[in-house]
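Not measured: the values here are computed from a predicted model.
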Amino acid sequence: MDLNYRKQWDQYVKELYEQECNGETVVYWEVKYPFPMSNRDYVYLRQRRDLDVEGRKIHVVLAQSTSVPQLGERSGVIRVKQYKQSLVIESDGKKGSKVFMYYFDNPGGQIPSWLINWAAKNGVPNFLKDMARACQNYLKKT
């Protein structure tokens with residue numbers, strides 16, 4: 001939820017901010033893609049709820065792409081128009097967390113098979129390691 005902190009640890013963020021549009025807070029996020037591919041950007045709504053279920057503290061984050069005229073498509077960047085994420089986090093009662101995440105996006109354009117294979121084998125696992133490290137360091141940095 002802390003976009004400024006994400007910019008510090010996520011090497012793929014080119015631009016990331018919130019903006020008020022039509023009475024709603026919308027997130028704009030541009031992701032760096034490797035040369036010679038075009039970067040992708042997202043415009044989405046995000047909600048967070050903290051639940052108490054029989055004494056269990058459960059945090060839920062929902063995000064879904066949207067379209068607003070204030071954040072139109074940019075030249076040279078491919079807009080991801082189909083994006084949806086559901087994230088649920090609960091303490092494991094010790095020093096860790098239980099996490100469930102559903103994530104879908106259609107990045108559009110032509111993505112070469114070598115990049116898809118790299119992302120599946122290296123990109124996603126490396127990103128999850130970076131995110132876990134960022135979570136562990138979050139309280140130290142804030």
Side-chain angles (χ1 to χ4, degrees), residues 1-53 56-142:
M1 296 299 291
D2 186 335
L3 300 182
N4 287 325
Y5 183 58
R6 173 118 189 220
K7 289 186 252 186
Q8 294 174 31
W9 66 264
D10 186 350
Q11 64 182 323
Y12 298 104
V13 171
K14 179 167 183 189
E15 197 171 350
L16 181 61
Y17 60 87
E18 290 180 324
Q19 180 174 323
E20 286 291 318
C21 298
N22 309 325
E24 295 186 293
T25 302
V26 176
V27 177
Y28 176 83
W29 175 33
E30 183 176 342
V31 179
K32 299 176 197 172
Y33 267 59
F35 178 82
M37 299 185 60
S38 298
N39 287 353
R40 302 306 197 261
D41 69 0
Y42 299 72
V43 175
Y44 63 94
L45 297 169
R46 178 176 68 166
Q47 295 181 10
R48 175 183 170 177
R49 297 288 183 266
D50 297 322
L51 308 175
D52 186 329
V53 180
R56 297 165 44 209
K57 304 288 186 215
I58 300 173
H59 309 282
V60 178
V61 179
L62 304 174
Q64 185 166 338
S65 55
T66 191
S67 178
V68 292
Q70 297 93 325
L71 295 169
E73 295 185 35
R74 298 178 176 185
S75 176
V77 178
I78 295 175
R79 173 68 44 95
V80 176
K81 296 177 181 170
Q82 295 175 296
Y83 163 68
K84 187 171 187 172
Q85 179 178 2
S86 305
L87 175 68
V88 180
I89 304 171
E90 177 183 17
S91 170
D92 68 359
K94 301 169 190 164
K95 289 188 176 184
S97 300
K98 298 179 201 173
V99 178
F100 168 81
M101 183 168 71
Y102 167 82
Y103 181 97
F104 171 82
D105 79 33
N106 178 353
Q110 297 295 320
I111 298 181
S113 59
W114 66 264
L115 181 57
I116 294 169
N117 293 337
W118 176 88
K121 184 176 179 183
N122 300 302
V124 172
N126 289 341
F127 174 78
L128 292 174
K129 287 177 191 171
D130 290 347
M131 184 170 58
R133 190 176 315 113
C135 290
Q136 292 166 348
N137 292 330
Y138 185 70
L139 291 179
K140 297 174 191 171
K141 298 217 178 250
T142 57

Handout entry: Distance-minimising heavy-atom pair for Pro107 and Val80
Key = CA-CG2, 4.1 Å
Problem - Candidate list Val13, Leu16, Asp41, test side-chain contact (heavy atoms from CB on, under 4.5 Å), partner Glu30, passing option - result: Asp41
Exercise for the section: For residues Lys94 and Ser91, report the shortest heavy-atom separation together with the two atoms involved. Expected result: N-OG, 4.3 Å
Practice task
Compare every heavy atom of Leu45 with every heavy atom of Thr66, then report the nearest pair and how far apart it is.
Solution key: CG2-CG, 3.9 Å
Counting only pairs under 3.5 Å, give me each side-chain donor-acceptor contact of residues 123-132, with atom names and distances, residues two or more places apart or in other chains.
unit_1, atom_1, unit_2, atom_2, d
Asn126, ND2, Asn122, O, 3.1
Asp130, OD1, Arg133, NH1, 3.2

Practice task
Indicate whether any N or O donor in one side chain lies under 3.5 Å from an N or O acceptor in the other, for Gln19 and Thr25.
Solution key: no
Handout entry: Residue pair Ser65 / Lys81: nearest heavy atoms and the distance that separates them
Key = OG-O, 2.9 Å
Problem - Side-chain heavy-atom pair His59, Met1 within 4.5 angstrom cut-off - result: no
Exercise for the section: State, with a plain yes or no, whether a side-chain heavy atom of Tyr83 is found less than 4.5 Å away from one of Arg40. Expected result: no
Handout entry: Residue pair Tyr138 / Asp2, side-chain heavy-atom distance below 4.5 Å
Key = yes
Exercise for the section: Could you tell me the separation between the CD atom of Gln82 and the CD atom of Gln64, rounded to the nearest 0.5 Å? Expected result: 10.5 Å
Problem - Separation between OH of Tyr42 and CD of Gln85, rounded to the nearest 0.5 Å - result: 10.0 Å
Problem - Beyond-backbone contact of Asn22 with Gln70, side-chain heavy atoms, under 4.5 angstrom - result: yes
Practice task
Working to the nearest 0.5 Å, report the span between CD of Glu73 and CD1 of Ile78.
Solution key: 9.5 Å
Handout entry: Heavy-atom neighbours of Lys84 NZ exceed 12 at 6.0 Å
Key = no
Completion exercise
side-chain contact (heavy atoms from CB on, under 4.5 Å) with Lys57: of Leu51, Asp52, Asp50, only one passes, and it is Asp52
Fill in the blank from the handout: What one should report as the nearest heavy-atom pair of Gly23 and Glu20 is C-OE1, 3.8 Å
Problem - Tyr44 side chain to Trp29 backbone, donor-acceptor under 3.5 Å - result: no
Problem - Tyr33 ring center near Tyr12 ring center (under 6.0 Å) - result: no
Handout entry: Separation of Arg6 CZ from Leu3 CG (nearest 0.5 Å)
Key = 8.5 Å
Exercise for the section: Check the pair Asp92, Lys98 against salt bridge (Lys or Arg N to Asp or Glu O under 4.0 Å), reporting the backbone distance first and the verdict last. Expected result: CA-CA 6 Å; Asp92 68 359; Lys98 298 179 201 173; over 6 Å; no
Problem - Minimum side-chain heavy-atom gap Lys32-Asn39 below 4.5 Å - result: yes
